[in-house]
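One structure below.
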Amino acid sequence: MRLSRYFLPILRENPKEAEIVSHRLMLRGGMIRQEAAGIYAWLPLGLRVLNKINAIVREEQNRAGAVELLMPTIQSADLWRESGRYEAYGKEMLRIKDRHEREMLYGPTNEEMVTEIFRAYVKSYKDLPLNLYHIQWKFRDEVRPRFGVMRGREFLMKDAYSFDLDEAGARHSYNKMFAAYLRTFARLGLKAIPMRADTGPIGGDLSHEFIILASTGESQVFCHKDFLDYDTPPADIAFDDRATMQGVFDRWTSQYAATEEMHDAGKFGALPADKQVSARGIEVGHIFYFGTKYSEPMKAVVNGPDGKETPVQMGSYGIGPSRLVAAIIEANHDEAGMIWPESVAPFTVGLANLKVGDSATDAACADLYAKLEKAGVDVLYDDRDERPGAKFATLDLIGLPWQAIVGPKGLAEGKIEVKNRRSGERATLSLDEALNRLTAKTA
RNA sequence: CGGGGUAUGGCGCAGCCUGGUAGCGCAUCUGCUUUGGGAGCAGAGGGUCGCAGGUUCGAAUCCUGCUGCCCCGACCA
């Protein structure tokens, strides 16, 4: 992409409303625009990151056996009356009437609807287990939205729903999502720690929040230091093997880890002092096992092997991709701006032409740009007629992992500079060497 | 939902107390000079001062009502 033809509205000054670093940087970097309290438009750069996160989330859901569909944002109130949550959910649910005065709502979550879909088609235990998920916009009319997309009213959520015949099966489904979440967050460059959680209004008796540690986190969390060094389950792990999945779960729940609400100061205090981690955390995922809470009132039943109708055992599993964009920034930035992990970077390489109009510089840039594109590298070519300082500042701000800096001084020696945004490491290379390095990095 | 702020060009702000030509920096546009860490000079454009009433010869400024947005607390992917 040529920057001169892109839409990247960078702000030089800090917007006054942005209190936390991710919000500030997302506004400055032209990633989002606030349209109302807690409601944001995703500008091109922000959308690229969001889409990359979605792609990783999707891959890991699919790997764990979940099946993607897409449910609507608008739901019927009647559906929610069946589960009893239409009254229970309260003011956080945005209620709407259509032209026929029918009561509708903008979905804050989808347990009811997915249960309705399930019961309409699945009648036999032979069709289980089943896990359906979608990535869809949700609306929760928070009393006080804040921190940009970290706590928006409208937000994107990946929500998966598992259906099993019995509790043992449901636990396996839970464990599969548990493992998939560990993999997902690791691929996003985050160290997420599962912590036992309150089940809240979703209900149920088994629940974990996935928390990343960041100084600006909203909640206080406590955990055993060893978690920080645990290995992520490999891509080829046997998701369908119950013992293997239980092993992952057991290992990642073997040490103390809790959010403030579930904190047990006594247990935590019993850990060796050098293993006690007390930090701020950001919740980036939440999984629940809630049995027949919805299947019973909504009559989602299957015939078991014994021929009897049995309400299915359910669980739900949420990840907030829009919140993750902010969370990743909170965990990856410096004074100059964002520092994207390569897996979610909006572009992998920023190519800076330091002297637009200089024929040698223009030619070298055009050549490198074409070759990088051909090699399948996402490259943002800063071909604007700006001074070098402005280009460096822009590239540092938007945090692309690699910067290829091409100017007349280096070209006189046949060299360009390749800079790593995270380490600050610079290498002076020939065009070919630079091309090799930059394509190798994204292989 | 309680408490506290705030609203003036795209962004950041001053002006309001004490009513009288709407201003500054950045950004934008034009020209020239510049070009390896957010350039310099010269010129230009852009604002019914959140909305609605009221007071007044005259309101960004004073009064009343409303709305948006932000912050602090209790709740949440």
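None of these values were measured; they are calculated from a predicted model. Below, chain A is the first sequence line, B the second, and so on; all start at residue 1.
Across all strands, A:K16 comes closer than 4.0 Å only to sugar-phosphate atoms, never to a base (heavy-atom distances). No engagement by A:E209 is indicated, since no non-hydrogen atom pair under 4.0 Å with the nucleic acid exists. Residue A:G152 is in base contact, counting any heavy-atom pair closer than 4.0 Å across all strands shown. Across all strands, A:E17 comes closer than 4.0 Å only to sugar-phosphate atoms, never to a base (heavy-atom distances). Contacts of A:R33 with the nucleic acid, taken as non-hydrogen atoms under 4.0 Å apart, are absent. Among the atoms of the strands shown, none is found under 4.0 Å from any heavy atom of A:K391.
As rounded to the nearest Å, B:C70 and B:C63 have C1' atoms that lie 26 Å from one another. The P atoms of B:A60 and B:G54 are separated by 15 Å, rounded to the nearest whole Å. For B:C17 and B:C62, the P atoms lie 5 Å apart once the distance is rounded to whole Å. Nucleotides B:A7 and B:C66 have their C1' atoms positioned 14 Å apart, rounded to a whole Å. The C1' atoms of B:U28 and B:G10 are separated by 9 Å, rounded to the nearest whole Å. Nucleotides B:U64 and B:U56 place their C1' atoms 16 Å apart, quoted to the nearest Å. Using P as the reference atom, B:C49 and B:G53 are 13 Å apart when rounded to the nearest Å.
When the side-chain nitrogen and oxygen atoms of A:R387 are compared with OP1 and OP2 of B:G38, none of them lie within a distance under 4.0 Å. Considering only side-chain N and O atoms, A:R12 lies nowhere under 4.0 angstrom from the phosphate OP1 or OP2 of B:C11.
For a distance-only test at 3.5 Å, the side chain of A:N14 fails to qualify as a donor-acceptor partner of the base of B:G12. Contact of A:E386 with B:G38 (side chain to base): no donor-acceptor pair of N or O atoms is detected under 3.5 Å. Within 3.5 Å, no donor on the side chain of A:R146 pairs with an acceptor on the base of B:G73, nor the reverse.
The aromatic ring centres of A:F227 and A:Y230 sit less than 6.0 Å apart. The distance between the ring centers of A:Y317 and A:F288 does not fall below 6.0 angstrom.
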Test A:E433 against A:R437 for salt bridge (charged side-chain N to carboxylate O under 4.0 Å, His left out), laying out the working first. CA-CA 6 Å; A:E433 289 167 341; A:R437 165 119 12 147; over 6 Å; no
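When the nearest nucleotides of RNA chain B are assigned to A:A37 and A:V143 by heavy-atom distance, the more 5′-ward of the two goes with A:V143. Across the interface with RNA chain B, nearest-nucleotide mapping of A:R426 and A:V284 shows A:R426 to be the residue nearer the 5′ end.
Under the Watson-Crick and G-U wobble criteria, each requiring two contacts below 3.5 Å, nucleotide B:U30 is paired to B:A42.
A stacking contact between A:F392 and B:G36 is absent: the pair does not combine a ring-centre distance of less than 5.5 Å to the base's six-membered ring with planes differing by less than 30°.
The cationic group of A:R95 lies under 6.0 Å from the six-membered ring centre of A:Y86 and within 45° of the ring axis, placing it in a cation-pi geometry.
Spacing between atom CD of A:Q34 and atom P of B:C71 amounts to 9 Å, rounded to whole angstrom units.
The closest side-chain donor-acceptor pair between A:D164 and A:H172, if any, does not fall under 3.5 angstrom.
Here the side chain of A:E13 is nearest to one of B:C1, B:G73, B:C26, namely B:C26.
Ring geometry for A:Y89 versus A:W80: interplanar angle over 60°, hence perpendicular rather than tilted (30 to 60°).
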